[in-house]
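Here's a structure for you.
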Amino acid sequence: MKINILTLFPEFFNSFKVESIIGRAIKHEKLDINIINIRDYCFDKHKQADDTPTGGGAGMVMKPEPIFRALETCNGKNIYVSPQGIVFNQKIAIELSKEKEITIICGHYEGIDERVIEKAVDLEISVGDFVLTGGEIPAMLIADCIARMIPDVIKKESYENDSFYNGLLDCPHYTKPPEYEGLKVPEVLLSGHHKKIEEWRLKESLKRTLLRRPDILKGREFSKLEKKLMKEIENEIK
Ligand SMILES: C[S@@+](CC[C@H](N)C(=O)[O-])C[C@H]1O[C@@H](n2cnc3c(N)ncnc32)[C@H](O)[C@@H]1O
């Protein structure tokens with residue numbers, strides 16, 4: 001999959017492209033992150049990518065022409081990261097990971113000229129109800145989340161029990177040692193009994209979701225085992 005990122009600040013992405021799982025995915029050609037400097041498409045003498053708002057007022061607005069020109073080099077869906085978009089979640093990441101190529105436009109200052117949104121943007125995505133200085137962190141966040149969902153970037157077993165993937169929060173995790181300064185790992189995890197361990201993990205996931213995010217349980221079709229475990233949990237927390 002190819003992810004183009006249009007930005008005025010390409011250096012933001014230097015370590016993003018080389019570190020950890022994203023770096024490995026790029027090295028193994030599962031992912032291509034193509035950083036496009038919008039300023040390269042500013043053809044005036046001063047390479048000016050922004051200008052004052054028409055009608056007056058504070059701040060600067062990113063000019064339309066360089067963004068339109070940069071977009072001509074890209075294919076697939078164009079996404080503008082904006083606090084006014086739909087709020088990003090795992091479902092959107094899964095859907096976008098099925099695309100061959102997408103382009104993320106990072107705004108700055110007051111944002112981009114509205115005509116780009118009208119003419120060239122397919123989707124506006126927000127990363128939450130707050131305002132950041134620019135779209136670079138949202139673009140990284142979205143690209144990172146999508147990248148994990150691309151086949152063979154990480155093992156399916158590694159993400160299928162992650163929070164939100166199956167509509168639940170993840171269970172607690174432990175590693176060695178089995179006891180640290182009196183803090184013990186739950187006994188069942190040391191039992192070697194795989195079925196019991198799986199059941200414990202599912203129950204903990206259900207319990208956490210019920211206690212922390214009951215909103216995401218709404219409309220869930222519980223399996224027979226999940227129904228049994230939910231009854232046990234409800235009795236335990238009464
Ligand atoms: C200071 S913000 C502009 C905010 C804009 N004037 C508004 O109030 O909707 C500059 C840029 O940061 C990015 N940005 C800021 N907050 C964001 C959020 N919550 N989600 C996605 N992008 C965001 C957008 O690309 C935006 O164009």
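When a ligand or atom number is given, it counts from 1 through the structure's own listing order. The first residue in the sequence is number 1, and the count goes up from there.
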Query raised in the report: Is the closest basic N to carboxylate O distance between D40 and K47 below 4.0 Å?
Result: no
Requested in this report: Could you tell me whether the side chains of D170 and N161 share a donor-acceptor contact shorter than 3.5 Å?
Outcome: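 No.
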Report task. For S126, counting its heavy atoms only, list the atoms of ligand 1 lying under 4.0 Å from any of them. Result -> 19 (N), 20 (N), 21 (C)
Query raised in the report: Which residue supplies the protein heavy atom nearest to atom 19 (N) of ligand 1, what is that atom called, and how far is it?
Result: F130 O, 2.8 Å
Query raised in the report: N166 and E160: side-chain donor and acceptor closer than 3.5 Å?
Result: no
Query - Test applied, side-chain contact (heavy atoms from CB on, under 4.5 Å); reference residue, I216; option that passes from L210, N89, T209, L168 - result: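 For I216, the side-chain contact (heavy atoms from CB on, under 4.5 Å) test succeeds with only one of L210, N89, T209, L168, which is T209.
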Report task. Pick one of side chain, backbone, both or neither for how S82 approaches ligand 1, counting any non-hydrogen atom pair under 4.0 Å. Result ->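 Under 4.0 Å from ligand 1, S82 contributes backbone atoms alone.
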Query raised in the report: Can you tell me the protein heavy atom closest to atom 16 (N) of ligand 1 and the distance?
Result: L132 N, 3.0 Å
Report task. Fit a plane to each ring of Y165 and Y159, take the angle between them on a 0 to 90° scale, and name the class: parallel (under 30°), tilted (30 to 60°) or perpendicular (over 60°). Result -> perpendicular
Query raised in the report: CD1/I35 to CD1/I3 distance, rounded to the nearest 0.5 angstrom?
Result: 9.5 Å
Query - Among E226, E198, E236, the one residue meeting side chain to side chain donor-acceptor pair (under 3.5 Å) with K203 - result: E236
Query raised in the report: Closest non-hydrogen protein atom to atom 14 (N) of ligand 1, residue and atom name please, with distance?
Result: P83 CD, 3.8 Å
Query raised in the report: What's the spacing between I36 CD1 and I105 CD1 if we round to 0.5 Å?
Result: 10.0 Å
Query raised in the report: Should the proximity of I105 to ligand 1, defined as any heavy atom under 4.0 Å, be assigned to the side chain, the backbone, both, or neither?
Result: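 Looking at I105 and ligand 1, no heavy atom falls under 4.0 Å.
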Report task. Within a distance under 4.0 Å of any heavy atom of G135, pick out the atoms of ligand 1 and give their elements. Result ->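 Near G135, the atoms of ligand 1 are 12 (O), 13 (C), 25 (O).
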Query raised in the report: Parallel, tilted or perpendicular for Y109 and F9, by the 30°/60° rule?
Result: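 Y109 vs F9 ring planes: perpendicular.
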**Report entry** Numbered atoms of ligand 1 (with element) below 4.0 Å of I125, judged on heavy atoms
**Finding:**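 So the atoms of ligand 1 that pass are 21 (C).
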Report summary line: protein heavy-atom neighbour closest to atom 27 (O) of ligand 1 works out as Y80 OH, 2.7 Å
Requested in this report: Note the single closest protein heavy atom to atom 20 (N) of ligand 1, along with its residue, its atom name and the distance in Å.
Outcome: V127 N, 3.0 Å
Query raised in the report: Do ligand 1 and V81 have nitrogen or oxygen atoms that lie under 3.5 Å from each other?
Result: yes
Query raised in the report: Under 4.0 Å between a Lys/Arg side-chain N and an Asp/Glu carboxylate O for E95 and K77?
Result: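 Looking at K77 together with E95, the answer is no, because their closest N to O distance does not fall below 4.0 Å.
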Query raised in the report: Quick one: nearest non-hydrogen protein atom to atom 9 (O) of ligand 1, plus distance?
Result: Q84 NE2, 2.8 Å
**Report entry** Which segment of D129 sits under 4.0 Å of ligand 1 when only heavy atoms are counted
**Finding:**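 No part of D129 comes within reach of ligand 1.
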Query raised in the report: Any N or O on I112 sitting closer than 3.5 Å to an N or O of ligand 1?
Result: no
Query raised in the report: When rounded to the nearest 0.5 angstrom, what distance separates CD1 in I237 from CD in E232?
Result: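 Result: 12.5 Å between the selected atoms.
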Query - For atom 3 (C) of ligand 1, closest protein heavy-atom neighbour - result: Y109 O, 3.4 Å
Requested in this report: Starting from atom 6 (N) of ligand 1, locate the nearest protein heavy atom and write down its residue, its atom name and how far away it is, to 0.1 Å.
Outcome: E110 O, 3.1 Å
Requested in this report: Go through ligand 1 atom by atom and flag the ones less than 4.0 Å from a non-hydrogen atom of G111.
Outcome: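 By the 4.0 Å cutoff, the relevant atoms are 27 (O).
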